[in-house]
Protein chains: 2
Amino acid sequence: MDAAERRATVLKTVVEEYVRTAAPVASQTVTESRDLGVSSATVRNDMTQLEREGFLAQPHTSAGRIPTDQGYRYFVDHFTAAGGLPVGQRRAVADFFATTHRALEDLLHETSQLLANLTSHAAVVVGPDADVVRVRTAQLVLIEPGTVLAVVVLGNGTVEREVLRSDLDGDDVARASAAFDAALRDQTLAATNAAHRTGDVDVDALLAQAIGAVATRAKQVSDHLYVGGVSRLAAEQDAFTTTATTARLLEMLEEQVVVVSLVRDLLDHGVNVSIGSENDVDELRDCSIVLAPYQVEGTLAGTVGVLGPTRMDYAQALAAVAAVSQQLGRLLLPPS
Amino acid sequence: MDAAERRATVLKTVVEEYVRTAAPVASQTVTESRDLGVSSATVRNDMTQLEREGFLAQPHTSAGRIPTDQGYRYFVDHFTAAGGLPVGQRRAVADFFATTHRALEDLLHETSQLLANLTSHAAVVVGPDADVVRVRTAQLVLIEPGTVLAVVVLGNGTVEREVLRSDLDGDDVARASAAFDAALRDQTLAATNAAHRTGDVDVDALLAQAIGAVATRAKQVSDHLYVGGVSRLAAEQDAFTTTATTARLLEMLEEQVVVVSLVRDLLDHGVNVSIGSENDVDELRDCSIVLAPYQVEGTLAGTVGVLGPTRMDYAQALAAVAAVSQQLGRLLLPPS
DNA sequence: CGGTAGCACTCGAGTGTACCGACTGCTAAC
DNA sequence: GTTAGCAGTCGGTACACTCGAGTGCTACCG
């Protein structure tokens with residue numbers, strides 16, 4: 001093992017130890033926890049160099065080292081090669097997806113909780129962007145006199161519905177329904193084809209109303225964020241500077257839209273792990289995000305992710321999001 | 001003003017001051033903030049008596065007094081007579097309900113956030129119990145070959161839907177739909193009338209499937225809890241002993257079911273305000289809950305509530321839940 | 001007898017000091 | 001390049017001390 005290689009091992013050890021104990025790691029701790037065949041003095045020399053290079057930092061002169069964000073980055077890039085989940089957790093995931101047959105919203109919500117439990121961090125599940133999901137079928141149904149329900153089934157298995165008011169009779173609603181389907185089918189929710197007309201003023205009015213409702217709803221729904229395990233954030237308090245930081249984090253998660261666009265943005269750039277200061281958002285300076293997209297029928301359907309302190313078990317988090325996203329995608333395959 | 005009356009005023013002042021400043025209230029502070037016409041020495045005597053009677057407590061010998069849970073209880077029972085909301089907030093509530101035309105779930109969720117913003121505490125909105133809501137209309141719709149959608153419109157305006165698998169053709173689905181409606185209409189979701197049969201084995205199978213799905217869904221939906229402003233809990237940290245307490249609170253809110261049954265339980269006993277140790281649930285020992293039911297068409301449709309530290313502005317919280325519940329009930333009136 | 005003035009007392013919070021121990025950085029030797 | 005040893009640094013803890021807020025009590029007054 002040459003010197004550079006050993007330094008990498010030292011860095012790896014520091015990250016692992018720090019994640020485990022939350023305390024600055026001393027040179028001696030490194031030599032004890034891993035047999036490098038060198039003394040603590042040598043490790044100290046390596047550490048000073050790692051510090052010069054920006055991978056480690058010292059909280060104060062007479063303390064051990066802690067990883068910098070750059071240090072975590074190196075760790076993630078070099079030492080987290082596709083590890084599997086421990087069998088216990090693997091089973092938990094399998095069981096969850098085997099026994100569940102809820103409505104999609106509930107499923108996604110519970111999935112976020114599953115992921116939170118697996119990782120002991122907060123977890124998020126993001127639906128697909130509105131301009132990606134295609135409409136499988138669209139329909140208008142006369143629910144009771146005066147009330148029409150617009151139902152849209154999406155490619156990812158979601159069923160969206162919207163209540164409309166209309167005094168048309170059954171036949172007219174049926175005609176509107178056909179036009180509604182024609183206008184939406186195979187389109188994305190973002191770009192509905194509004195050009196369809198039936199010629200009948202009243203029917204067209206209902207049609208326009210329905211398409212408008214679906215369009216506005218599409219935004220709301222696609223930007224929906226399922227958050228699980230927020231309580232973990234409070235438990236991780238100590239990792240964050242102040243309690244105000246936690247409050248702002250929770251606030252951001254409530255806002256949803258910031259997080260959703262952030263997640264999409266990261267994934268668009270092919271980023272799976274975003275560490276501390278790599279995040280542009282201020283609230284996330286002390287946080288890391290670990291993401292994995294899930295696919296339904298080969299197309300991107302959404303993203304699952306973990307949100308925790310930078311001091312996080314990245315290997316485990318990566319394994320967890322990978323396992324969950326894969327299973328989720330499989331479950332969402334439309335029954336055939 | 002006789003002595004007993006003055007003591008009540010002292011108690012009132014202590015509660016108000018403590019809520020405002022979060023610091024133990026000294027006898028002198030009382031005389032300064034309210035013109036009682038007596039000296040601080042007299043107030044001190046009153047305070048010792050109030051302490052003997054269990055309304056006040058001293059954190060330590062040389063400190064001012066803080067209210068006990070019993071003290072808050074007296075305050076709530078005697079000094080919070082139906083105050084209105086300040087005009088600014090009143091407007092905010094009116095605006096919110098005037099401009100909103102979302103789907104019910106979103107509305108309830110946003111209502112909880114409104115309430116959280118009004119009170120600066122966490123807020124919850126609980127839907128009605130499944131054995132209270134009646135079905136207005138029920139229908140089965142053939143969405144695409146092989147897929148049937150069960151749609152149920154409820155008395156509170158909610159539309160529930162459930163995706164079913166079935167290979168029946170349009171006519172058979174229509175027959176099943178009629179039977180479905182007959183079985184559910186005007187029933188509560190908890191006690192659906194499963195006795196309806198059409199005679200056709202396949203149709204009855206679909207029917208049974210639909211009714212089953214609705215029944216199981218009913219439980220999930222009715223127990224749903226909308227939580228807003230959880231970030232406030234983190235901000236209120238200091239009011240709670242440890243950060244672990246906050247974590248457990250958040251956990252409980254995620255569990256939902258505990259909170260829902262708790263809220264229902266309180267309201268069943270006609271309790272609108274539950275203070276600190278009055279709560280049986282351990283996590284809520286340092287919290288108070290302020291509730292108001294909302295009604296749709298004269299029948300109980302759900303509950304809105306505020307969850308904050310015992311050190312809470314009860315008058316304001318009561319006014320806020322009252323205003324919100326009233327407006328919410330009005331908005332949910334089925335359009336006619 | 002209720003109310004008041006005055007005073008001694010208590011106790012938490014803040015401050016200065018000393019000490020301990022955990023680690024490092026450096027130097028000289030291997 | 002590695003190591004042993006040692007001086008130096010700095011945070012954390014313990015302790016003593018002071019300050020001041022606020023009380024409880026007692027003696028006194030109307």
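All chains are named by letter (A, B, ...) in the order of the sequence lines, taking the proteins before the strands, and each is independently numbered beginning at 1.
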Among residues at least two apart in sequence or on other chains, which ones pass side chain to side chain contact (heavy atoms under 4.5 Å, CB included) with [X]?
| X | answer |
| --- | --- |
| B:Ala26 | B:Thr29 |
| B:Ala4 | B:Asp2, B:Arg7 |
| B:Ser33 | B:Thr13, B:Glu17 |
| B:Val43 | B:Val10, B:Ser27, B:Val30, B:Thr31, B:Leu36, B:Val38, B:Met47 |

Could you give the [atom1]-to-[atom2] distance, from [X] to [N], as a whole number of Å?
| X | N | atom1 | atom2 | result |
| --- | --- | --- | --- | --- |
| A:Leu36 | D:dT2 | CG | P | 11 Å |
| A:Gln28 | C:dT24 | CD | C1' | 12 Å |
| B:Gln49 | D:dT23 | CD | C1' | 17 Å |
| A:Ile66 | C:dC23 | CD1 | C1' | 15 Å |
| B:His60 | D:dG22 | NE2 | P | 10 Å |

Parallel, tilted or perpendicular for B:Phe75 and B:Phe79, by the 30°/60° rule?
->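 The arrangement is tilted - the two ring planes meet at 30° to 60°.
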Can you check whether any acceptor in the base of C:dC11 is under 3.5 Å from a donor in the side chain of B:Ser62, or vice versa?
-> yes
Grab the N/O contacts between the protein and nucleotides 24-26 of chain D below 3.5 Å, and write none if there aren't any.
unit_1	atom_1	unit_2	atom_2	d
D:dG24	OP1	B:Arg65	NH2	3.1
D:dG24	OP2	B:Arg65	NH2	3.3
D:dG24	N7	B:Arg44	NE	3.1
D:dG24	O6	B:Arg44	NH2	3.1

What residues form a salt bridge (charged side-chain N to carboxylate O under 4.0 Å, His left out) with A:Glu16, not counting sequence neighbours?
-> A:Lys12, A:Arg34
A:Tyr18: what forms a ring pair (Phe, Tyr, Trp, His ring centres under 6.0 Å) with it, not counting sequence neighbours?
->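 Partners of A:Tyr18 by the ring pair (Phe, Tyr, Trp, His ring centres under 6.0 Å) criterion come out as none, since no residue qualifies.
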Verify the contact: side-chain N or O of B:Ser27 to OP1 or OP2 of D:dG22, cut-off strictly under 4.0 Å; return yes or no.
-> no
Sequence neighbours excluded - salt bridge (charged side-chain N to carboxylate O under 4.0 Å, His left out) pairs with any residue from residues 72-87 of chain B = B:Arg73-B:Asp77, B:Arg73-B:Glu278
Any salt bridge (charged side-chain N to carboxylate O under 4.0 Å, His left out) pairs touching residues 56-70 of chain A, not counting sequence neighbours?
->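 Qualifying pairs, neighbours excluded: A:Glu51-A:Arg65.
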Under 3.5 Å, which N/O atoms of the protein pair with N/O atoms of nucleotides 28-30 of chain C?
none

Name every residue in residues 2-10 of chain B that has at least one heavy atom under 4.0 Å from any atom of DNA chain D, in order of residue number, or write none if there are no such residues.
-> none
Please figure out whether B:Gly37 or A:Pro24 has its closest DNA chain C nucleotide nearer the 5' end.
->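 Checking each residue's closest nucleotide, the 5'-ward one belongs to B:Gly37.
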Ignoring the backbone of A:Ser39, work out which of D:dA4, C:dG3, D:dC10 is nearest its side chain.
-> D:dA4
Residue pairs, two or more places apart or on separate chains, that pass side chain to side chain donor-acceptor pair (under 3.5 Å) and touch residues 52-63 of chain A =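 As it turns out, the side chain to side chain donor-acceptor pair (under 3.5 Å) pairs with a partner in residues 52-63 of chain A, which skip direct neighbours, are A:Gln49-A:Glu53.
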With a non-hydrogen cut-off below 4.0 angstrom, is B:Ser40 in contact with a base, only sugar-phosphate, or nothing?
-> nothing
Side-chain contact test, heavy atoms from C-beta onward, threshold under 4.5 Å: evaluate it for A:Val304 versus A:Leu291 and give yes or no.
->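 Result no, sub-4.5 Å side-chain heavy-atom pair not found.
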